[in-house]
Amino acid sequence: MKLVFVSGPPAAGKYTVPKRAAEITGLALFHNHLVADTVASVFPFRSPSFARLRDQFWMDVFKAAVAEDRLLVFTVQPEGAVSPAFAQHAVDLVRGAGGEVLMVHLKLSADGQAARISNEDRARFGQAARRGFTGEVAVGVRSV
């Protein structure tokens with residue numbers, strides 16, 4: 001199994017960049033909002049039940065992907081409700097099964113973030129939407 005683990009601050013392109021990569025490569029895209037939005041429909045964002053269930057669902061998908069030797073791109077914004085140990089748990093799970101993890105951290109300038117934070121593309125995930133991206137995104141990648 002190979003897991004591409006994409007993280008970064010709000011509006012850094014954590015959906016846009018992996019979506020394009022998935023289109024090009026055929027990798028499955030497991031965007032964090034697929035689970036976060038589902039759990040938030042029942043439990044308040046950042047509540048203990050929200051954080052526990054979201055992390056559990058994420059790990060359950062990783063476990064199933066490992067069992068079926070799937071290639072997966074996962075995105076996450078490491079905000080306060082995400083356990084500091086979450087990324088390491090995912091890495092340990094995949095590597096423990098003989099898989100590989102590629103960590104990708106997206107960054108962008110403050111001006112780029114201010115411009116992109118209101119991008120209409122973000123509205124589908126309940127995020128602010130007004131105008132398009134004008135900043136540059138920097139990518140840092142490392143294999144673990």
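For this chain, numbers begin at 1 and follow the sequence in order.
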Between side-chain atoms of residues 55-82 and protein atoms elsewhere (two or more places apart, or another chain), which donor-acceptor pairs fall under 3.5 Å?
| residue | atom | partner | partner atom | Å |
| --- | --- | --- | --- | --- |
| Asp69 | OD1 | Met1 | N | 2.5 |
| Thr75 | OG1 | His31 | ND1 | 2.6 |
| Thr75 | OG1 | Asn32 | N | 3.0 |
| Glu79 | OE1 | Arg46 | NE | 3.1 |
| Glu79 | OE1 | Ala81 | N | 2.6 |
| Glu79 | OE2 | Arg54 | NH1 | 2.8 |

Start with the C-alpha distance between Val91 and Met103, add both sets of side-chain angles, then the distance that settles side-chain contact (heavy atoms from CB on, under 4.5 Å), and finish with yes or no.
CA-CA 9 Å; Val91 168; Met103 302 298 282; 4.2 Å; yes
When rounded to the nearest 0.5 angstrom, what is the spacing between CZ in Phe50 and OG in Ser41?
10.0 Å
Residues two or more places apart in sequence or in another chain: which of them pass salt bridge (Lys or Arg N to Asp or Glu O under 4.0 Å) with Arg52?
none
Considering all heavy atoms, the nearest Pro44-Ser47 contact
O-OG, 2.8 Å
The side chain to side chain contact (heavy atoms under 4.5 Å, CB included) partners of Ala22 (sequence neighbours excluded) come to Leu29
Tell me, please, which residues at least two apart from Phe43 pass ring-ring contact (aromatic ring centres under 6.0 Å, His included).
none
All pairs passing side-chain hydrogen bond (donor to acceptor under 3.5 Å, both in side chains) where residues 80-89 contributes a residue, at least two apart
Gln88-Asp92
Please report the C-alpha distance between Leu102 and Leu3 in whole Å, then the side-chain angles of each, then the deciding distance to 0.1 Å, and finally whether the side-chain contact (heavy atoms from CB on, under 4.5 Å) criterion is met.
CA-CA 6 Å; Leu102 187 63; Leu3 172 64; over 6 Å; no
Pairs satisfying salt bridge (charged side-chain N to carboxylate O under 4.0 Å, His left out), at least one member in residues 81-90, at least two apart
none
Do you know which two heavy atoms are closest between Pro10 and Leu108, and how far apart they sit?
O-CD2, 4.4 Å
In the single-linkage hydrophobic clustering (I, L, V, M, F, W, Y; side-chain heavy atoms under 4.5 Å), do Val42 and Val35 co-cluster?
yes
Just wondering, do Glu100 and Val94 contact through their side chains at under 4.5 Å, heavy atoms?
no
